[in-house]
4 protein chains.
Amino acid sequence: MHSRSPASRTGRPRSATADAAILAATREALVELGWSKLTLGDVATRAGVAKTTLYRRWAGKNELVVDAVAELFDELELPDSGSLAADIEGVVLQFATILARPEAKSGLMAVVAEATRDDALRERIRASVVDRQKRLVLEGRSRAQVRGELPPEPDPATASRTADLIFDMVAGAVVHRTLVSGEPVDEAWVRGFTLVLLRGLAGGAAHTAAD
Amino acid sequence: MHSRSPASRTGRPRSATADAAILAATREALVELGWSKLTLGDVATRAGVAKTTLYRRWAGKNELVVDAVAELFDELELPDSGSLAADIEGVVLQFATILARPEAKSGLMAVVAEATRDDALRERIRASVVDRQKRLVLEGRSRAQVRGELPPEPDPATASRTADLIFDMVAGAVVHRTLVSGEPVDEAWVRGFTLVLLRGLAGGAAHTAAD
Amino acid sequence: MHSRSPASRTGRPRSATADAAILAATREALVELGWSKLTLGDVATRAGVAKTTLYRRWAGKNELVVDAVAELFDELELPDSGSLAADIEGVVLQFATILARPEAKSGLMAVVAEATRDDALRERIRASVVDRQKRLVLEGRSRAQVRGELPPEPDPATASRTADLIFDMVAGAVVHRTLVSGEPVDEAWVRGFTLVLLRGLAGGAAHTAAD
Amino acid sequence: MHSRSPASRTGRPRSATADAAILAATREALVELGWSKLTLGDVATRAGVAKTTLYRRWAGKNELVVDAVAELFDELELPDSGSLAADIEGVVLQFATILARPEAKSGLMAVVAEATRDDALRERIRASVVDRQKRLVLEGRSRAQVRGELPPEPDPATASRTADLIFDMVAGAVVHRTLVSGEPVDEAWVRGFTLVLLRGLAGGAAHTAAD
DNA sequence: CTGTAAGCGAGACGGTACGTCTGGTCTTACC
DNA sequence: GGTAAGACCAGACGTACCGTCTCGCTTACAG
């Protein structure tokens, strides 16, 4: 999660509870203040921790917020609803619900903005948030293949490229609707979106994208 | 663009060149520093203008950046390439090209992040950036209808809803791929994406989304 | 006193009252906290002034304290008591009275201590405190010469050297008794000290010191 | 010197060398950094000792520095040069030589400054530094009385008062010239100063100071 | 063609947060 | 129990910007 001196055997060990308190305080501050008015001094105070403790563990505001927000998405689960379309609709709705929470909106977009000028930060976001949830796409596909809704995918490279496209489309559309358009991601929208997505994918998007 | 005292008839008029100089300086600073390290004092210096002049015209950093970035998207044009797919591919590529510029990335995402806590700001973004470019979707559709590639749309409400969905999907996917995934939006990707989108839309997404 | 851009015609002029408020607040803080616990942030608060204002005018704690303390010694006056001995006793008592004040003790000794490692600071102390008060020695001597108590001094270099010695002896003895010995500088002590000093000087200390 | 648990019979005994190492490290740090930038953490590191160890033995920076500096003055010796004036000149020069060392200047003046607000500290300085060296005045006087240069002093109270005055004048003048005036205490200055002092004392300063 | 109202540059103002450093304490593991 | 290591809380440091203000000057319309 954050860098730790790997083999420090002596000295007082780092407080185990401090991490959790700091991340929770960060989310709390994001809700109340938003990213731009969040200050590390305030987070430290809320967490009942000295500023030095915070800086000892995270390099700055961005890294802290990424970790605080990433935890939010761990509660995403692929529902087993019997059909691919229903599975997708379920997970998209979950995703939208989390993204509608103010700590997610404020924090995630801000660090994405910062990441446009900081490759290490983008990598951290990708690792902590995106790749960690890509499991949902993979699991959904394999489940659909078992059900016979999707053909087995022989080429792993193509499979990976298609999974990325799906992730860009799902996450992008939900984020854009929520944050830019400012419209709710309700069941009707999700159903329409899922229909377009599945119909579009049926018949080999990957084939075309690969030429 | 920005508020101006409506009926000030007396006194020295505002410098006409200052606005353009400030917006250009803002974009320059966005390129060099990114949003979070951009300071209004620095923009004023770059523009050869006093800080007071800047504050007289814009309420703050966010409003200034929205205006500076919005101008970038005015150069988008719908190419007339003979087929709907090619039109879409063309405009998506243009959009991706603009979005790849650092002043666009840095600025746009940051103000979107700020807008999560500021409805007035989101409205300003929607008006200045999104709605201003929605013309492209509408024009592309009507052109495709003339060509016979799309059926005429009888219900204007459904038409509007579909246009919004398209915009969310296009803008969202491009933004996500560029900023989060960090992968280039090249011709291969655009072709794959457009294929999925068009195949998905064919046959009445709006119908399903409307029930 | 402190550096000032000499010919800045534009911009908001510096607040005239801020200087006095800051120096007074510094003395107040010296009384309450002493030098080592005095913080510039606290001084700024007491003076009703921002920390930046303070840093804009003084380079740091030492320079500020020198100026704050130097003002205290401006109230020294050479009494015209009719005899050299009485004049000296009067001014030594005044000096001791000022030095007994906590803001003088705390501040002066601390900056002298700092000056052991900072030549610029020692020069500032010498200029602001010592040389500014050396007038007392010079005036006292010329007055005594007019009275016929001292012979006219033909050699200005010798005169200056003697004045320095006198200053070192007077200031040094009073400071040492007050701060190190911790004994009061009362009239009895002053009379004894002055007797030793005058008897010692009578008959040409300067002559011997010059060979 | 510093408090020691008097009857600790069990456990690991305190390192005997640690004290000396810490005091030497303190003087070293005083030379390099001066009092205000000296930190106990740094002293501990230089001495190869844990901060805990240091705090267990001294209450704080001031006490530590007093002990470190006091040792410096133990090398003062009254030379037996055959005349009172020469004895005084010799010891004044020795004193000035020690005081010119940066660890003495920096440390001594700083703790004197601190002592203006801390009576316990002033007492510690007086006991460790001043009273410990007052032997020089007493020994010098008695030697001069043996030689017949000074009359025997019948009244012990007067004798003590005169000794104090001498100490204030000698130490004060040397300190002031060294630290405030910033001029060297060379042989010429010492000869002039001693002349004034002895001539001033001859004939009963104490008598006048006592009335 | 002069008065006046607003805009202009410069830069000081009271503030807030930064990220670092130090002081003094506490908690480990080892000796 | 003493020690070295180092994390802990608390809070000051000096810097950078914030958004506002006070200046002396310029501009251009209005009377």
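Below, read A as the first sequence line, B as the second, and so on, with proteins coming before strands; counting in each chain starts at 1.
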Chemist: Across the strands shown, which category fits G48(D) at heavy-atom distances under 4.0 angstrom: base, sugar-phosphate, nothing?
Modeler: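 Here G48(D) touches the backbone only, sparing every base.
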Chemist: Over how many whole Å does the gap from Y55(A) atom OH to dA10(F) atom P extend?
Modeler: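 Result: 17 Å.
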Chemist: Given atom CZ of R56(B) and atom P of dT27(F), what is their separation to the nearest angstrom?
Modeler: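 The answer, rounded to whole Å, is 15 Å.
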Chemist: Take P13(A) and G60(A), find for each the nucleotide of DNA chain E with the closest heavy atom, and name the residue whose nucleotide sits nearer the 5' end.
Modeler: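 The residue mapped nearer the 5' terminus is G60(A).
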Chemist: How close or far is atom P of dG14(F) from atom CG of L64(C), stated in whole angstroms?
Modeler: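 Atom-to-atom, L64(C) to dG14(F), this comes out as 11 Å.
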Chemist: Among dC21(F), dC8(E), dC13(E), which nucleotide sits nearest the side chain of T52(B)?
Modeler: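 My answer, after comparing the listed nucleotides, is dC21(F).
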Chemist: Have a look at L54(C) and say if it touches a base, only the backbone sugar-phosphate, or nothing, with a 4.0 Å heavy-atom cut-off.
Modeler: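 It contacts nothing in the nucleic acid.
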Chemist: Could you please name the option among dA5(F), dC8(F), dT22(E) that lies closest to any side-chain atom of T39(D)?
Modeler: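 For the T39(D) side chain, the nearest candidate turns out to be dT22(E).
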Chemist: Does dG6(F) have OP1 or OP2 sitting under 4.0 Å from an N or O in the side chain of R14(A)?
Modeler: no
Chemist: Would you kindly compare L38(B) and V49(A) by the position of their nearest DNA chain F nucleotide and give the one closer to the 5′ end?
Modeler: V49(A)
Chemist: On the six-membered ring of W35(C), is K105(C) placed so that its NZ or CZ lies under 6.0 angstrom from the centre and within 45° of the ring axis?
Modeler: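 The answer is no, since K105(C) fails at least one limit relative to W35(C).
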Chemist: Give a yes or no answer on whether the side chain of K37(C) reaches the backbone of E32(C) with a donor-acceptor pair at less than 3.5 Å.
Modeler: no
Chemist: How many angstroms lie between CD in E28(D) and CD in E103(D), if you round to the nearest 0.5 Å?
Modeler: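 One finds 10.5 Å between CD of E28(D) and CD of E103(D).
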Chemist: Over how many whole Å does the gap from L33(D) atom CG to dC21(E) atom P extend?
Modeler: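 Rounded to whole Å, this separation is 14 Å.
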Chemist: Taking the minimum atom-to-atom distance to the side chain of L40(C), which one of dC8(E), dG19(F), dG14(F) wins?
Modeler: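 In terms of side-chain proximity for L40(C), the closest of dC8(E), dG19(F), dG14(F) is dG14(F).
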Chemist: Does A59(A) or A59(D) map to a spot on DNA chain E nearer the 5' end, using the closest nucleotide for each?
Modeler: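 Nearest nucleotide further toward 5': that of A59(A).
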Chemist: At less than 3.5 Å, do the side-chain atoms of K51(C) and the base atoms of dG14(F) form a donor-acceptor pair?
Modeler: yes
Chemist: In whole angstroms, how far is the P atom of dA10(F) from the CZ atom of R46(A)?
Modeler: 16 Å
Chemist: With nearest nucleotide decided by heavy atoms, which residue, K61(B) or D42(C), maps closer to the 5′ end of DNA chain F?
Modeler: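 Closest to the 5' end, via its nearest nucleotide, is D42(C).
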Chemist: Does R12(A) have a side-chain nitrogen or oxygen under 4.0 Å from the phosphate oxygens OP1 or OP2 of dA29(E)?
Modeler: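 For R12(A), the contact criterion (side-chain N or O under 4.0 Å from OP1 or OP2 of dA29(E)) is not met.
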Chemist: With side chains defined as the heavy atoms from C-beta onward, is the minimum distance between D119(A) and R122(A) less than 4.5 Å?
Modeler: yes
Chemist: In whole Å, what is the span from the CG atom of N62(A) to the P atom of dG19(E)?
Modeler: 10 Å
Chemist: Roughly how many Å is it from CH2 in W58(C) to P in dT15(F), rounded to a whole number?
Modeler: 16 Å
Chemist: Main chain of L38(B), side chain of K61(B): is a donor-acceptor contact present, judged purely on distance under 3.5 Å?
Modeler: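 Yes.
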Chemist: Got a donor-acceptor contact below 3.5 angstrom from the T26(D) side chain to the I22(D) backbone?
Modeler: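 Side chain of T26(D) to backbone of I22(D): a pair is present.
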Chemist: Just to confirm, is there a sub-4.0 Å distance from OP1 or OP2 of dT3(F) to any side-chain nitrogen or oxygen of R57(D)?
Modeler: yes
Chemist: Side-chain N or O of T53(C) less than 4.0 angstrom from OP1 or OP2 on dG14(E)?
Modeler: yes
Chemist: What is the distance from NZ of K37(B) to P of dC18(F), rounded to the nearest Å?
Modeler: 14 Å
